[in-house]
Number of protein chains: 2
Amino acid sequence: MVKYQEVAKKIKQMIYQKQLSKGTQLDNIDGLINQYQVSRSTIVKALNCLERQGVIYQVQGSGIFVRERKKRGYLNFLQSHGFTVDLEDVYGSSTVFNVDIIKPSAKVKENLQCDDNEEVYFVKRLRYVEDKLYGLEQSYYRKKLICYLNKEIVENSIFSYIQENYNINIGFSDKYFQVIKLDAETANCLELQIDDPALSVEETFYTSSGEPFDFSTITYHYENAKFCIQNHSK
Amino acid sequence: MVKYQEVAKKIKQMIYQKQLSKGTQLDNIDGLINQYQVSRSTIVKALNCLERQGVIYQVQGSGIFVRERKKRGYLNFLQSHGFTVDLEDVYGSSTVFNVDIIKPSAKVKENLQCDDNEEVYFVKRLRYVEDKLYGLEQSYYRKKLICYLNKEIVENSIFSYIQENYNINIGFSDKYFQVIKLDAETANCLELQIDDPALSVEETFYTSSGEPFDFSTITYHYENAKFCIQNHSK
DNA sequence: GAGTGGTCTAGACCACAAC
DNA sequence: TTGTGGTCTAGACCACTCC
């Protein structure tokens, strides 16, 4: 891990460990330079990271302050899948229905930019967070990139498996979502009624070199799944 | 506007103007330094901005590439309210029900961190995007900060009015959302049926100095409102 | 090995806030 | 006026990709 990330991590840990409440002013930049023995630019970069994560806010001419922490029980919508989750981790698990190798449908093929005849892994699983049924996930992974999957792997975090075994890192993703009425099959999986509401999220994940490797649809349980985004305008 | 923002803007305009397709490689950093006559750090900062906006992606050791543009018909969920909207602007309008000065409820009071006896503007309006009914918005503004509002102002963009007249800039926001079933009153406003699905978003907006000034609830029309987030992991 | 983006530095100067 | 964060620079070196 590089210096600015180390510094950011330490400042964040300090804030959470001391349980600093919102609005609390941190040491100024010169102070932080002294404390962490790095250059001004490195401190500034670390602070900007924390600002983007919603941990602090900076006011020119005034100081650096602690931001309100996300309320408990809400999932961070920007890192719900494979993006940096850190301290405030929640316990998640899965019930796997199937792990099959199939020919992709036209839609999947397009989203994953598959060649003709290319095959994909199809994984269908129920996702739980802290033992509550959160959603039904249907994912397609390009076999070309993710050579092997099985039920055991898929019960845990697919993303960390991929990262460790294939040295594939997530670079970015496109996320499209809307509210829908449940069809009979999905309602049954989620233990809900037909026409009950749900959030349907379609997301394509790309490696850090820009290659799509995963297309997933998650249908979230409307009573159990709540989300949060801590935005900032900079 | 500062240099790195100028550079970012120009690069973005160039991409959209030339209609560069996804995966197209841009000039390298040294080339961009030459082209825009700024330092390396300024170019890097501009590129990181564009990366965060989902316009490009950078691959270490390889190059800078154009990212796929958001599909039409989807609202950018991260800048749906007052955050930097630029080129790809869509036409929005509002039907205003009322602009009242009221005593805030406990919930509103807490979210806006109001003093006792402080009053707020309550604005209720239907939001349209390209003449489609998108959602019902109920907003509360602290009168202490936004001294005056009327129907005419509220029919247009409240945020630009606030920025121009009170020199208040949005710093950040906390956004909490979930899927719900509509109650009778809201369903009626949205021209939908009771128990139809909807996305309910509660958002608190803070000034750049960290003071809350607006608490809004938007209930989105499940057929007309679709969203997009172009995420990235850096 | 050549070419690319990513990090880090020291230092100057600017913009804004608070007193 | 002083103190704060924000920008910008020139230059060094590191990490990764691709030939």
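Sequence lines set the chain letters: A, B, ... in the order given, protein chains first and strands last, and positions in each chain run from 1.
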Gln25(A) has an atom CD; how far is it from atom P of dA18(C), in whole Å? 10 Å
Are any of the side-chain nitrogens in Arg127(B) or Glu137(B) under 4.0 Å away from the carboxylate oxygens of its partner? yes
Could you say whether Gln5(A) or Leu26(B) is positioned toward the 5' end of DNA chain C, judged by the nucleotide with the nearest heavy atom to each? Leu26(B)
Expressed in angstrom and rounded to an integer, what is the separation of Asn48(A) atom CG from dT7(C) atom P? 13 Å
Any Ser39(B) side-chain N or O less than 4.0 Å from OP1/OP2 of dT9(D): yes
Compare the minimum distances between each of dC8(D), dG5(D), dT7(C) and the side chain of Tyr4(A), then state the nucleotide with the smallest one. dT7(C)
Rounding to a whole Å, what distance do you find between Asn169(B):CG and dA17(C):P? 9 Å
Quick check: any donor-acceptor pair below 3.5 Å linking the side-chain of Ser41(B) to the base of dA10(D)? yes
Quick check on DNA chain C: between Ser209(B) and Asp30(B), whose nearest nucleotide comes earlier from the 5' end? Asp30(B)
Just compare dT4(D), dA12(C), dG6(C) and give me whichever is closest to any side-chain atom of Arg40(A). dA12(C)
Does a side-chain N or O from Lys3(A) land closer than 4.0 Å to OP1 or OP2 of dG6(C), or not? no
Check every atom of dG5(C), dC18(D), dT7(D) against the side chain of Lys45(B) and return the nucleotide holding the closest atom. dT7(D)
Interatomic distance, His232(B) NE2 vs dG6(C) P [rounded to whole Å]: 12 Å
Strictly under 6.0 Å, is that where the ring centroids of Phe122(B) and Tyr140(B) end up? yes
Chi angles and distances behind the side chain to side chain donor-acceptor pair (under 3.5 Å) call for Gln53(B), Lys12(B): CA-CA 10 Å; Gln53(B) 289 172 41; Lys12(B) 194 175 184 175; 2.6 Å; yes
Starting at CD1 of Ile29(B) and ending at P of dT17(D), how long is that distance when rounded to a whole Å? 15 Å
Please confirm whether the shortest side-chain N or O distance from Thr42(A) to OP1 or OP2 of dT9(C) is below 4.0 Å. yes
Measure CD/Gln60(A) against C1'/dT2(D) and give the value in whole Å, please. 15 Å
Nucleotide nearest Asn28(B) (side chain, heavy atoms from C-beta), chosen from dG5(D), dT4(C), dT7(C): dT4(C)
On DNA chain D, check which nucleotide each of Gly61(A) and Leu47(A) is closest to and give me the residue with the more 5' one. Gly61(A)
Within less than 4.0 Å of OP1 or OP2 of dG6(D), is there a side-chain N or O belonging to Gln58(A)? yes
Can you see whether Phe77(A) has Lys175(B) sitting over its ring - NZ or CZ less than 6.0 Å from the centre and within 45° of the normal? no
Does the pair Lys71(B)/Asp174(A) count as a salt bridge with the N-to-O cut at 4.0 Å? no
